[in-house]
Amino acid sequence: MERYARQMRFAGIGEQGQARLAQASVAILGLGATGSAALQTLVRAGVGRIRIVDRDWVEEHNLPRQQLYTEADAREQRPKAVAAAQHAQQINSAANIAALVADINAETIAEAVGAADVLVDGSDNLELRYLINEWCVQQQRPWVYTGVVSGYGMTATLRPGGPCLRCLFPQTPEPGSLPTCETAGVVGSMVGVMANLAATEVLKLLVGSGQPNPGLLIVDGWRWAFDQLPLPPKQPDCPVCGRGEFVLLNNPDSGATQLCGRNAIQVRPAARGRIELEQLAARLAAAGCRTRLTEHLLRFAAEAYQITVFPDGRAIISGTEDPLLARSIYARWIGL
Ligand SMILES: [Zn+2]
């Protein structure tokens with residue numbers, strides 16, 4: 001506990017709060033810029049159990065803002081969950097870190113979150129946030145929403161019984177209508193700001209002291225503007241927290257999802273179990289494909305595409321934005 005002396009000296013945490021952190025469990029969904037920065041702060045603060053989930057691997061263009069990762073991670077194409085777990089463990093060997101390399105969707109979210117006391121939104125799209133929202137309302141868990149794009153970020157703390165993300169953002173925006181980190185760019189320093197505000201919210205929720213963020217905080221670091229909008233009251237006709245309709249949780253979609261701005265499609269076949277990557281690699285090599293097998297993924301080139309396959313059956317097909325084509329490439333080379 002000596003390690004946490006200064007944190008315990010802070011009256012808002014104290015010895016009791018530090019002991020609570022050691023017993024607490026947090027799930028971080030998505031380990032891009034926000035998720036990886038929040039992980040680093042929480043593991044340093046002494047949160048005892050942390051579940052981390054991400055479907056992607058580290059790439060060089062992540063390094064300007066995804067604070068935990070290194071050039072070696074990118075070179076070795078390590079899954080973010082695996083790399084993040086290792087770095088976090090080096091920071092704090094006492095932490096119990098459970099890493100899952102998986103797509104977060106209606107079928108996987110329960111396993112991904114487990115019994116976590118608080119969820120941290122590390123996702124990069126509103127669709128996934130709506131899913132997290134449904135799960136948190138259904139399971140009565142608090143979560144911290146955070147989004148960063150361009151030079152600004154937003155965060156809100158959503159708690160059971162209060163308004164939910166659907167109350168805050170009732171309308172699903174038209175595809176392509178919101179700026180993304182691909183279209184508008186992003187300043188890495190602002191990710192750190194927002195991730196650490198979110199991590200502070202998590203610490204307060206776990207310790208049970210302090211004043212939680214009461215609204216939607218919007219921080220524009222580039223224009224130096226700070227806005228705090230009140231959360232709307234809980235809407236009685238909100239489909240999620242008012243009427244209890246969990247449309248996203250109850251209708252797991254499978255199939256092909258476009259990956260924002262990456263000229264790539266993720267294919268996630270519904271009935272597919274785990275894939276033996278070694279056997280698949282051998283089959284592909286026999287067919288004349290160039291393959292690269294790591295401990296966590298298999299990558300190969302076929303036709304004009306780069307295909308990355310994960311043991312859970314998912315594949316990311318790079319070189320197309322056409323979901324139907326991506327599915328047929330999957331069927332051709334991996335098999336449906
Ligand atoms: Zn609601």
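Below, each value reflects all heavy atoms present in this structure, side chains not excepted, and no hydrogens, waters or symmetry copies. Nothing here was measured: the structure is a model prediction, and the numbers come from that model.
Shortest non-hydrogen contact noted between R243 and D237 is NH1-O, 2.8 Å.
With hydrogens and angles disregarded, a donor-acceptor distance shorter than 3.5 Å links the side chain of Q235 to the backbone of P233. Here the side chain of R44 pairs no donor or acceptor atom with the backbone of L39 at under 3.5 angstrom. Under a 3.5 Å cut-off, the side chain of R166 and the backbone N or O of C238 do not form any donor-acceptor pair. Formation of a donor-acceptor pair under 3.5 Å by the K234 side chain with backbone atoms of C241 is found in this model.
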If you look only at distance, which donor and acceptor atoms sit under 3.5 Å apart when one is on a side chain in residues 194-203 and the other is two or more places apart or in another chain?
{"residue": "N196", "atom": "OD1", "partner": "T41", "partner atom": "OG1", "Å": "2.4"}
{"residue": "N196", "atom": "ND2", "partner": "G192", "partner atom": "O", "Å": "2.9"}
{"residue": "T200", "atom": "OG1", "partner": "N196", "partner atom": "O", "Å": "2.6"}
{"residue": "E201", "atom": "OE1", "partner": "T157", "partner atom": "OG1", "Å": "2.7"}
{"residue": "E201", "atom": "OE1", "partner": "N213", "partner atom": "N", "Å": "2.8"}
{"residue": "E201", "atom": "OE2", "partner": "K204", "partner atom": "NZ", "Å": "2.6"}
{"residue": "E201", "atom": "OE2", "partner": "N213", "partner atom": "N", "Å": "3.3"}

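Under a cut-off of 6.0 angstrom, the local environment of CD in E15 is sparse, with at most 12 non-hydrogen atoms contributed by other residues, nucleotides or ligands.
Cation-pi contact between R327 and Y330: absent, since separation from the ring centre below 6.0 Å together with deviation from the ring axis within 45° is not met. Note that R299 lies in the cation-pi zone of W57, set by a 6.0 Å cut-off to the ring centre and a 45° limit from the axis. For the pair R223 and Y152, the cation-pi test (distance below 6.0 Å, angle within 45°) is failed.
Hydrophobic cluster membership differs between I28 and V148, with clusters built from Ile, Leu, Val, Met, Phe, Trp and Tyr side chains linked at under 4.5 angstrom. By the rule that hydrophobic residues join a cluster once side-chain heavy atoms approach within less than 4.5 Å of another member, F226 and L229 end up as members of separate clusters. Grouping the Ile, Leu, Val, Met, Phe, Trp and Tyr side chains by contacts below 4.5 angstrom, directly or via other members, places L119 apart from I50.
A salt bridge does not link R75 with E60: none of the charged nitrogens is closer than 4.0 Å to a carboxylate oxygen.
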Salt bridge (charged side-chain N to carboxylate O under 4.0 Å, His left out) evaluation trace for D103 with R55 | CA-CA 5 Å; D103 184 48; R55 68 183 176 196; 2.8 Å; yes
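Under the 4.5 Å side-chain criterion, counting only non-hydrogen atoms from C-beta, V47 is in contact with L206.
Using cut-offs of 30° and 60° on the angle between ring planes, the pair Y145 and F169 is perpendicular.
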